[in-house]
Amino acid sequence: MQVTKTPIDHFINGRMVANTSGRTQDVTNPATGTVTGAAGLASAAEVGAAVAAAQAAFPAWADTPPIRRSRVMFKFLELLNKHKDELAHLITAEHGKVFTDAQGEVSRGIDIVEFACGMPQLLKGDFTDQVSTGIDNWTLRQPLGVVAGITPFNFPMMVPMWMFPVAIAAGNTFVLKPSPTDPSASLRIAELFKEAGLPDGVFNVVQGDKVAVDALLEHPDVKAISFVGSTPIANYIYETGARHGKRVQALGGAKNHMVVMPDADIDQAVDALIGAGYGSAGERCMAISVAVLVGDVAERLLPKLIERTKTLKVLDGEHLAAEMGPIVTKVAHERITGYIALGEKEGATLLADGRKFDAKTAGAGCDGGFWMGGTLFDHVTPEMRIYKEEIFGPVLSCVRVHDLKEAVDLINAHEFGNGVSCFTRDGNVAREFGRRIQVGMVGINVPIPVPMAWHGFGGWKKSLFGDMHAFGEEGVRFYTKQKSIMQRWPESTPKGAEFVMPTAK
């Protein structure tokens, strides 16, 4: 029986454009293993066409008053809210995350659009009257030009929306290169944006792989690149983009810890570890992958954590009772399985083995899907690869320490510094933890401390390459350049040449 693969192509200059490179990548429903589409993999020429469309659209869009740009964003916001469940279903069908989690992803993306609607206020500069006799000085922020986003499979809607709403509202034009693993949501977003009144060429989508990435990195008309993905690729994006004279904002990998202090509410801590460790099958850059158990916490917490891990409701994501869905691809499933075997070999104690999950229990037609249950390790040590490396799957490692200082030292020694959490009732512990920890995003009794839209997202150390975090006011600064203007009129200009540096007079 021949499988019909729906072509998933590009959106360039306001319309769908068929892929012409001759290269495609299968798109699969991870719950069933069924191939549902073929994402076109753009050639450098196709990327060039998208950049050319964006470059042609830039002058008029940059000159559009910010309030009129915001009106388009408001209409886009209205359409996103109207179609939010449709977008969530697209995500579940191609990524596999449970529908309720996909709804949450859509909502967090919409948050950024709401933030971007306020761009007229965010673009205001400073003004100083009479900085010197007869001279006024002010600053303004102007768009960069064509900017691009390269985004991962795990959040096919939210992560692109960390980027393009802010960039476009600020007056830039945008080329998005989403993951070819789950590309359909990005095309639907492009259609809704056009329906909202966005001029052709302002937002473009090119499907692709490394060929498309390199074409964006090397194209002279692309002024800035935003990226979210693994640390090795983030480093490559940062170095290559900088070498070609671009601004780069590259968010990399993570190994997020959650410290559980002896005074913590154990039931709340277990709930947090289950949700943050196994939600979205652990395929989140903010997932908790290490539980740091302080003092006697392990003896009180682990029996409950083991039971909850073994009774996770792992189902087809369209089932509303599902707590965890499948792994995104067969390749990812094999990688995670390899890490579980490695953990056993390294000497960690395997308390729950997700490899034993029976796919037949996930739902009708799920036998061929990429299924796995939650995996739980105890007695993990910092020397083990399952502790050091990002697994990006439903594998939670428990490390035992004696006190808060040992917990902080352990976390600060790790090469990643994306997110971290501490569960405690002690205000002084919370304060000291927040101040001493060398991590970019910190939660106190909050397991996944993803900032809201008006703050910025980004880690430290090898979790971020570049100087500015995503979205929030730092996102506005990333997608704009400051210009300072000093003005004086002839009537107040002294006669004669001045040969010294201007000073306040």
Side-chain angles (χ1 to χ4, degrees), residues 26-35 91-102 152-155 179 181-182 230 253-256 273-291 305-319 321-346 348-378 380 384-387 389-398:
D26 286 349
V27 177
T28 305
N29 181 337
T32 63
T34 304
V35 176
I91 294 166
T92 295
E94 294 182 347
H95 175 275
K97 68 176 62 178
V98 302
F99 179 66
T100 51
D101 190 23
F153 73 84
N154 59 329
F155 287 100
S179 169
T181 301
D182 42 14
S230 69
K255 196 73 176 179
N256 304 316
L273 287 168
I274 289 292
Y278 302 123
S280 199
E283 294 169 332
R284 295 170 172 160
C285 65
M286 289 295 284
I288 294 294
S289 53
V290 181
L305 186 60
I306 293 168
E307 176 65 20
R308 291 288 300 279
T309 301
K310 289 182 175 180
T311 56
L312 272 172
K313 295 175 183 176
V314 184
L315 300 166
D316 184 335
E318 291 290 350
H319 197 303
E323 294 174 332
M324 190 174 101
I327 305 303
V328 67
T329 63
K330 183 179 180 181
V331 171
H333 189 280
E334 291 170 350
R335 186 195 71 246
I336 297 163
T337 299
Y339 270 109
I340 298 170
L342 176 63
E344 287 187 294
K345 184 178 179 181
E346 290 181 316
T349 303
L350 187 57
L351 302 178
D353 189 349
R355 297 171 296 182
K356 296 179 179 179
F357 180 78
D358 183 359
K360 294 178 183 177
T361 66
C366 291
D367 293 25
F370 315 127
W371 293 96
M372 179 180 292
T375 294
L376 180 63
F377 281 108
D378 190 16
V380 175
M384 296 178 181
R385 282 181 58 194
I386 62 166
Y387 173 79
E389 298 176 12
E390 184 176 34
I391 298 173
F392 221 64
V395 180
L396 181 60
S397 297
C398 295

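Keep in mind that this is a model prediction, so the values were computed, not measured. Index from 1, following the sequence.
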For the pair D101 and R284, find out whether any cationic side-chain nitrogen is under 4.0 Å from an anionic carboxylate oxygen. yes
D316 (side chain) donor-acceptor with A31 (main chain) under 3.5 angstrom: no
Side-chain donor-acceptor contacts of residues 358-366 below 3.5 Å, not counting sequence neighbours, with atom names and distances?
| from | atom 1 | to | atom 2 | distance (Å) |
| --- | --- | --- | --- | --- |
| D358 | OD1 | K360 | N | 3.1 |
| T361 | OG1 | D358 | O | 2.7 |

Using the side-chain hydrogen bond (donor to acceptor under 3.5 Å, both in side chains) criterion, which residues pair with T329? Sequence neighbours excluded. none
Would you call E323 and V98 a side-chain contact if the rule is heavy atoms closer than 4.5 Å? no
For F392, enumerate each residue passing the ring pair (Phe, Tyr, Trp, His ring centres under 6.0 Å) test, keeping only those at least two apart in sequence or located in another chain. F153
Return the set of residues passing salt bridge (Lys or Arg N to Asp or Glu O under 4.0 Å) with E389 (not counting sequence neighbours), or none when no residue passes. R385
Candidates L351, L350, T309, L396 - the one meeting side-chain contact (heavy atoms from CB on, under 4.5 Å) with T375: L350
To check you understand the geometry: which heavy-atom pair defines the closest contact between G96 and P326, and what is its length? O-CD, 3.2 Å
Check whether any side-chain heavy atom of F357 sits under 4.5 Å from a side-chain heavy atom of M372, and report yes or no. no
Could you check whether any side-chain N or O of H95 sits under 3.5 Å from a backbone N or O of V328, counting only pairs where one atom can act as donor and the other as acceptor? no
Is a donor on one side and an acceptor on the other found under 3.5 Å between the side chain of N256 and the backbone of C285? yes
On a heavy-atom basis, which atom in A281 and which in G325 lie closest, and how many Å separate them? CB-O, 4.2 Å
Under the side chain to side chain contact (heavy atoms under 4.5 Å, CB included) test, which residues partner K356, sequence neighbours left out? D353
Suppose the criterion is salt bridge (charged side-chain N to carboxylate O under 4.0 Å, His left out): which pairs have a residue in residues 367-378, not counting sequence neighbours? D378-R400
To the closest 0.5 Å, what do you measure between CD1 (I340) and CZ (R335)? 11.0 Å
What closest approach, in Å, do A348 and V380 show between heavy atoms, and which atom pair accounts for it? CB-CG2, 4.0 Å
Side chains of L376 and C398: does their closest heavy-atom pair fall under 4.5 Å? yes
Here the gap from L305 atom CG to I274 atom CD1, rounded to the nearest 0.5 Å, amounts to 5.0 Å
With a 4.5 Å cut-off on side-chain heavy atoms, are Y387 and S397 touching? no
Could you report the tightest heavy-atom contact between A102 and T92, atom names first, then the distance? CB-OG1, 3.6 Å
Reported CG-to-CZ distance for the pair L273 and R308, which is rounded to 0.5 angstrom: 10.0 Å
Supply the atom-to-atom distance L342 CG to I336 CD1, rounded to the nearest 0.5 angstrom. 13.5 Å
Whether the side chain of E390 engages the backbone of K255 through a donor-acceptor N/O pair (distance < 3.5 Å, no angle test) should be reported. no
Value for NZ (K97) from CG (N154), rounded to nearest 0.5 Å, stands at 6.5 Å
Search all heavy atoms of G282 against all heavy atoms of A287 and return the closest pair with its distance. O-CB, 3.9 Å
Minimum-distance pair of heavy atoms, taken over all atoms of G373 and V314: CA-CG2, 4.4 Å
Spacing of OG belonging to S289 relative to OH belonging to Y278, to within rounding of 0.5 Å: 11.0 Å
